[in-house]
Amino acid sequence: MSWEMVEGSLARTDVVVRYFCYFRISPIQHRIGVLPSPSSEFSGKNGGNTPSSVDVHGARIKSKSSSSGRIQVKTNAQAPSKVNGTRVGFMDATKIDDEAITSHTPRTFINQLPDWSMLLAAITTIFLAAEKQWMMLDWKPKRADMLVDPFGFGRITDDGSIFCQNFSIRSYEIGADRTASIETLMNHLQETALNHVKSAGLLANGFGSTPEMCKRNLIWVVSKMQILVDRYPQWGDVVQIETWVAAAGKNGMRRDWLMRDCNTGDTLLRATSVWVMMNKETRKLSKIPDEVREEICDYFVDTPPIVAEDDRKLPKLDATNADHSRTGLKPRWNDLDLNQHVNNVKYIGWILESTPPSILEKHELAGLTLEYRRECTRSSIVESHTSIMNKDDESSPPECQHLLRLEEDDIANYASQWRAGPNSVFSLNSVRNSSLKPMGVDAIEWRTSSGSDLSSVNPNYFRRVSFLNVAVMAEEFVKGNVHPNGLAIITLDRPKALNAMNLEMDVKYKSFLDEWEADPKVKCVLVEGSSPRAFSAGGDVKQIAKHSQLSDMIKVFSAEYSLICKISEYKKPYVCFMDGITMGFGIGLSGHGRYRLITEKTVLAMPENGIGLFPDVGFAYIAAKSPGEGAVGAYLGLTGNRVSTPADALYVGLGSHYVPSASLPLLKEDLLATSFSSDPDHNTRLLLEKYSKNPESEPRLKLLLPRIISTFGSSRSIKEVTKELENHQQSGDTLVAEWAKDALQGLKKGAPLSLCLTQKHFSKVAYAQGDNGSELSKLSGVMRAEYRIALRSSLRNDFAEGVRAILVDKDQNPKWSPSSLEEVSDAEVEALFEPSPDIGELNV
């Protein structure tokens, strides 16, 4: 017996599956070059009929006996001209002599049967392979907005502005912690950038160079890059990377990346970079020629960077002041790219060479800022230096400054931020899996990764645990999701604390807004609370009060106030469901947004005077625009009294639309079903008009407006306000008398200095309205003023005492200092407004 091979194909729509079948045949069949049909019979002198027509290329075989009712066989198979070097083909059986047949082994019934088992196995293999191929082609992602790209080739979307590509994390791309390394992620970013250029038809004979660039020997080089890693993918994860380009000044190009988990849609990484041109021969920077600009300008997207610019001025770093150094680093041949210099990904490996093992073993890289000064070639000898910028602060994760340099010049400057990693002394899983209280670590039985208790651990470590705890809660308490139609939703999910916001929640919230504002696929942002009781009760003042250091307060108020400014200037429709309690910082998150939806359950208030602070979050700016030239807003800020009807909320300006609470789920469904046009703001307005209603009653504050103006006008001092309210208490009008009584009770709850501070601040902002030259005529200016006031106020004893009396001990009997209005010094109040080099200015 011998073997014969037949090649064929199976076709289904546009896919052809090719196969090769091997059949075992007898020596006679091998010599004549044909495979007998199972029904064929040999007769005559040669022992069998010969085929009437055999077309080697046409793959058509037709039996003579077809007219007698036997089966006719047509096949689309082709045999190769050679098998294992031997020429094969179909031969005419009539040309074979008698001796060639009769001299062979005598025919028997057994050896004339074809090997059906081999044929069946071959057919089964073919169809199994075809089925597997079709399963891959029918692959669908779990999320509708994920790219359908099972083979990872990528495609251009959004009218050619965005390139998407999928990658699977391989076993050789992960580190000891089973997650992808930062170098792996950087390589994938670089790959999508090149594939974007290639898919656009602009890739010529160069490393990302366009045809016009190649004519002029120009190449792209990266000058700056910023990376934020929210989570590292693991082995086997499939990630989707989106990338797009924009102009960066007159002679640069910006490229942004967004990496998501294909399974969950969670954001894993955001990165932005600036690229400039360099002449490949002279190695000098070059302007972008007009011809090159014409090639690429059509692909530019007009969006801000997906990562806000890190504009910190770092101190000069060299070998003399570095904490850790590594010298003698040499590039290898395979570290060079097509442009004949060291690939920028290699630089990251070099900076890690001088990063201390204590950081590498217990932390993971969370953020990286890279500034490239010059290129590095094959013959370079590199030094790596690292300085830990916050080495004296054990409560915070490390922040490092890095420098790569040659003997004669710097190559690159880096700044890195780290967070606790899976191999740190405290297992992150213990935080995630514990039933934690909103603040504090009292409920956790802390253990090391080996299972031993922590009785001997340095107490300073618990400060780091507190940070870890809060960081994990930020992920849980502020949830962001982008839906296929372009609606992005932020959900505050801390119901036990009425969605009170802490520092890490503020940072997470703003990171979503920054990312989505730069993402062209996001058309509209909706903000909601998960609790039926509250949208947000404000800031977590207990957390703030625990920190008595100025540096802690700077972090808190910088995060809050920069978030407020981001909301007020947000370029995309921002819709807030203010359903339930919305107080303090809750008003900061909603009151400055474009669309502020009030329900019959909404309760609004600014009670900060009662805990020794002042009504901040830009409420003075809202108050200044309220009726009575700001008098209504001043009344609410000074007394802390609540606004609990839709009519009053709309009258003050805290709400833009009244939508019944029961209609919010329907409105949300309609937003999710909306196909946003090129004007998503118009689409949003139409939907809100559809669901908004007129309040059932007239505003109570409107009826009281004359009394409010006469009492809380901007020229009135607190003493004058108090006296006027006492007079109104004697009014025969029940509505006025009750209002005056409630207002007086509200004033009595406030710290005397806080009341005087609030009156002066609100008066200044109200006077500034209409004066475009005044800093206080804009929200950003108001927030800068409040930043100075808040930092100083939060460090005073009144704040700690107010939190104790109202929120901790709850005896409702704070001991203010000064204890009365008469003891308040005007100079002390005025000093709270003054700039100071000790606290700096809010960077908005």
Side-chain angles (χ1 to χ4, degrees), residues 483 485-492 499 513 516 522-536 564 567-583 586-606 618-619 621-623 625-627 632-633 636 642-703 705:
H483 293 267
N485 71 327
L487 179 69
I489 300 179
I490 291 178
T491 303
L492 304 183
N499 295 331
L513 294 183
W516 294 341
V522 174
K523 308 299 182 184
C524 176
V525 174
L526 168 64
V527 184
E528 62 180 359
S530 64
S531 170
R533 297 177 56 201
F535 165 65
S536 175
I564 289 171
I567 291 170
S568 71
E569 299 169 355
Y570 208 61
K571 296 180 180 179
K572 297 181 179 181
Y574 179 93
V575 182
C576 189
F577 286 178
M578 303 164 68
D579 193 30
I581 295 172
T582 305
M583 297 183 180
I587 291 179
L589 297 176
S590 57
H592 301 287
R594 191 177 306 179
Y595 300 112
R596 310 172 300 280
L597 274 58
I598 300 293
T599 74
E600 72 280 2
K601 294 162 55 178
T602 301
V603 178
L604 302 157
M606 292 295 296
F619 186 73
Y621 184 75
I622 298 174
K625 298 178 180 298
S626 66
V632 173
L636 295 174
R642 298 183 174 187
V643 174
S644 55
T645 66
D648 279 341
L650 295 177
Y651 180 67
V652 175
L654 289 170
S656 62
H657 297 76
Y658 164 53
V659 177
S661 182
S663 298
L664 292 182
L666 299 176
L667 172 57
K668 181 178 177 181
E669 288 181 9
D670 270 4
L671 284 169
L672 287 168
T674 298
S675 296
F676 288 100
S677 66
S678 58
D679 185 3
D681 198 62
H682 176 71
N683 304 129
T684 305
R685 284 199 307 271
L686 290 178
L687 270 180
L688 296 183
E689 290 171 3
K690 173 183 175 182
Y691 283 94
S692 63
K693 306 290 183 183
N694 292 321
E696 296 178 357
S697 60
E698 287 293 316
R700 177 173 174 268
L701 294 175
K702 185 176 182 180
L703 300 176
L705 183 60

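Only heavy atoms go into these numbers, but all of them, side chains included; no hydrogens, no water, no symmetry mates. Only a predicted model underlies this, so the values are computations on that prediction, with no experimental measurement involved. Positions are given from 1, in the same order as the sequence printed here.
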* Apply side chain to side chain donor-acceptor pair (under 3.5 Å) to N485 and list each qualifying residue two or more places apart in sequence or on a separate chain. => none
* **Polar contact flag, side-chain donor to acceptor under 3.5 angstrom, S677-N683** => yes
* Which pairs count as side chain to side chain donor-acceptor pair (under 3.5 Å) when at least one residue sits in residues 568-580, sequence neighbours excluded? -> Y509-Y574, D579-T599, D579-S661
* **Partner of M578 by side-chain contact (heavy atoms from CB on, under 4.5 Å), out of L604, L597, L589** => L604
* **Listed partners of T491 passing side chain to side chain donor-acceptor pair (under 3.5 Å), at least two apart** => E528
* **V603 vs M583, side chain to side chain contact (heavy atoms under 4.5 Å, CB included): CA-CA, chis, key distance, verdict** => CA-CA 8 Å; V603 178; M583 297 183 180; 3.9 Å; yes
* Can you find a heavy atom in the side chain of I587 that is under 4.5 Å from one in the side chain of I622? -> yes
* **Heavy-atom neighbours of R642 CZ exceed 12 at 6.0 Å** => no
* Looking at side-chain heavy atoms only, is the closest gap between C576 and R596 below 4.5 Å? -> no
* To do: Calculate, to the nearest 0.5 Å, the distance between atoms OG1 and CG belonging to T674 and L487 respectively.
  => 8.0 Å
* To do: Taking the side chain as every heavy atom from C-beta outward, state whether E698 and Y651 have any pair of such atoms under 4.5 Å apart.
  => no
* How many angstroms lie between atom CZ of F619 and atom CD1 of I564, to the nearest 0.5 angstrom? -> 12.5 Å
* How long is the span from the CZ atom in R685 to the NE2 atom in H657, to the nearest 0.5 Å? -> 9.0 Å
